[in-house]
Amino acid sequence: MNVTRLWIAAAVASVLVAGCGGNDKPSSSNSAKSTATADASAALGATKQASGDPIVLGLLNLESGPVTFPEYRQAAELAVKYINDYKGGIGGKPVKIESCATDGQPSTSARCAGQMVDKKPTAILGGADIGAPGAFPVYARADLAYLGGIPFTPVESNAPNAVQFYSISIGDNAAASKYAAEELDVKKASVIYTDDTQGKATGLGVIVPALTKAGVDVKSVPVAPSAADFTSVAAAAIQSGPDMVYVNSPNACPGILKALKSVGFSGKIFGIDPCTSPQALDTAGDAAEGLYFAQPFESLDSGTDDAKLMLAAWQKYGPKDLALDSIAQAGFSTVMNIQAALDGVSTLDTKSILAAFKDGAAHPNFLAHDYTCDGKQLAGNTAICNAFQKIKQVKGGKVTTVTDDWVSGADLYTPPNS
């Protein structure tokens, strides 16, 4: 329980300052919106209307408190409208989402889970909920499968009744570390991390050991959570002459990038997703130019069939103010993956549902790399079915994808205390 509380605290610290979409929307949102065309019929395909009694999916989602993720639920509901009209729902029956808003507290999530169980759902649609560990004992007693969502804590990433289609915090940073070492030939690096629970868990627990395992000589540089002047931190980071500086400090990222520029650093810069929010990029200005980072999804302006489909569905069903960030992509993707895996399952009990995913085979993963639920995709995270990421870079103030192939750094990750 102490470990779980630490990870919950880490997740809270991360999302409060911008994490994984949050209230700072990734810069791909506006360009993705402009990609949607007036005629979306080709992307949507032929209609195939679902009918009959609905298949209920329960959803707990963080929508109250200092940080909220309503776009996850909105995008999931958008995907449900699409599959009910164009994919025949699941097995010909319409899908219905029953949702409960949480506030980040495990006790609230536990209460919501109890209310959800009373609605007799077929399964739980994983959400964006940092209080989810409070709900899992309720799901276990009710023998319900937990499918997809955002795995903020080790509980979602290891529960035997859970299936996770992507990895954040671990998968993205490990992949970025691998790309730096193998593709950019980084030999020496400094990792700047916020000196708090989240910063240590990600910076010292994932990035530093991953780079070290890849053969990079690494120096770690802590920055106080309350720091306002980052010049001394930047100076300390470049003192040893690194090829690369990796910034793992969500709230301080723009200031650190500016400081690195001011002290004359001209090497490669890596960072985390929150460093690339519109607000962060505007604040950092040209100091963010060239910044590399990793995300588990194709960009919505990439022109792929999946990206076109999500944009077309959004254009048809709305809401028009939906934040098209990575959280929304996760919501849409999760529903699409559930529909694809369960459409041909004749009996939707928990055993059959989990078996449809945990068959050890590769499955198409909407907007993301194929997933394989064999418990071996990421050490110490048995419910994670995919650790692959796209490497992206800030060019001309915009986020661009720089890798055609997916990158996984799973081989560079070693779980704590293992």
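Any value given below was found using the heavy atoms of this structure, including those in side chains, with hydrogens, waters and symmetry copies removed.
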Output yes when a side-chain donor or acceptor of Asn381 lies under 3.5 Å from a complementary backbone atom of Ala379, and no otherwise. yes
Determine, using ring centers only, whether Phe136 and Tyr139 are less than 6.0 Å apart. yes
So Asn161 and Leu144, do their side chains get closer than 4.5 Å, heavy atoms only? no
Within the 3.5 Å criterion, strictly below it, is a donor on Asp103 or Gln105 matched to an acceptor on the partner's side chain? no
Stepwise salt bridge (Lys or Arg N to Asp or Glu O under 4.0 Å) test for Asp195 and Lys200: CA-CA 6 Å; Asp195 195 12; Lys200 292 176 182 177; 3.5 Å; yes
pair Thr202-Thr194: side-chain heavy atoms closer than 4.5 Å: no
Scan side-chain atoms only and decide if Thr334 and Tyr166 contain a donor-acceptor pair under the 3.5 Å cut-off. yes
Report yes or no: do Glu63 and Thr68 form a side-chain donor-acceptor pair below 3.5 Å? no
Are Asp370 and Asn386 close enough that some pair of their side-chain heavy atoms sits under 4.5 Å apart? no
Between Phe366 and Tyr371, does the ring pair (Phe, Tyr, Trp, His ring centres under 6.0 Å) criterion hold? Intermediate values first, please. CA-CA 10 Å; Phe366 193 87; Tyr371 67 87; over 10 Å; no
Below 4.5 Å, heavy atoms only, C-beta onward: do Cys100 and Leu59 meet side chain to side chain? no
Any side-chain heavy atom of His363 sitting closer than 4.5 Å to one from Asn337? no
Kindly assign one of parallel, tilted or perpendicular to the pair His369 and Phe388, based on the angle between their ring planes and the thresholds 30° and 60°. parallel
Close side-chain approach of Val95 and Leu57, heavy atoms under 4.5 Å: yes
Taking the side chain as C-beta and beyond, is there a heavy-atom pair between Leu324 and Leu311 under 4.5 Å? yes
In plain terms, say whether Asp411 and Lys178 are close enough for a salt bridge, that is, a side-chain N and a carboxylate O under 4.0 Å apart. yes
Please report the interatomic distance NZ(Lys390) to CG(Asp405), rounded to the nearest 0.5 Å. 7.0 Å
Test: Lys268 and Asp243 ion pair at under 4.0 Å: no
Determine whether the side chains of Ser326 and Gln329 contain a donor N or O and an acceptor N or O closer than 3.5 Å. no
State whether the number of non-hydrogen atoms from other residues, nucleotides or ligands found under 6.0 Å of Lys358 atom NZ is greater than 12. yes
Sequence-distant partners of Asp185, side-chain hydrogen bond (donor to acceptor under 3.5 Å, both in side chains), two or more places apart: Lys187
What's the spacing between Asp343 CG and Ile83 CD1 if we round to 0.5 Å? 8.5 Å
Report the C-alpha distance between Phe270 and Phe293 in whole Å, list the side-chain angles of each, state the deciding distance to 0.1 Å, and finish with yes or no for ring pair (Phe, Tyr, Trp, His ring centres under 6.0 Å). CA-CA 6 Å; Phe270 274 64; Phe293 67 106; 9.6 Å; no
Rounded to the nearest 0.5 Å, what's the gap from CG on Leu322 to CD1 on Ile327? Could you check? 11.5 Å
Do you know the tightest heavy-atom contact between Thr102 and Ser109? CG2-OG, 3.7 Å
I'd like to check Gln339 versus Lys87 (side-chain heavy atoms, cut-off strictly below 4.5 Å). Are they in contact? yes
What pair of heavy atoms forms the shortest contact from Tyr246 to Ala176, and how long is it? OH-CB, 3.5 Å
CD on Gln164 to CZ on Phe357, rounded to 0.5 Å: 11.0 Å
Between Asp172 and Gln295, does any side-chain donor sit less than 3.5 Å from a side-chain acceptor? no
Between the main-chain N or O of Gly271 and the side-chain N or O of Asn248, is there a donor-acceptor pair closer than 3.5 Å? no
Can you measure from NZ (Lys93) to OG (Ser51) and round to the nearest 0.5 angstrom? 9.5 Å
Considering all heavy atoms, the nearest Asp85-Gln49 contact: OD1-NE2, 3.0 Å
Salt-bridged, Arg73 to Glu77, with N to O below 4.0 Å? yes
Quiz question: by atom type and distance under 3.5 Å, do the side chains of Tyr413 and Asn173 form a donor-acceptor pair? no
Please give me the minimum heavy-atom distance between Phe265 and Pro242, naming the atom from each residue. CE1-O, 3.5 Å
Roughly how far, to the nearest 0.5 Å, is the CG atom of Leu147 from the CG atom of Leu354? 7.0 Å
Of the options Val247, Ile269, Val399, which is the one that meets Leu291 in a side-chain contact (heavy atoms from CB on, under 4.5 Å)? Ile269
Once the angle between the rings of Tyr82 and Tyr86 is folded into 0 to 90°, is it parallel (under 30°), tilted (30 to 60°) or perpendicular (over 60°)? parallel
What are the two closest non-hydrogen atoms of Gly104 and Leu62, and how far apart are they? N-CD1, 3.0 Å
What's the shortest heavy-atom distance between Thr401 and Ser299, and which atoms? OG1-OG, 3.5 Å
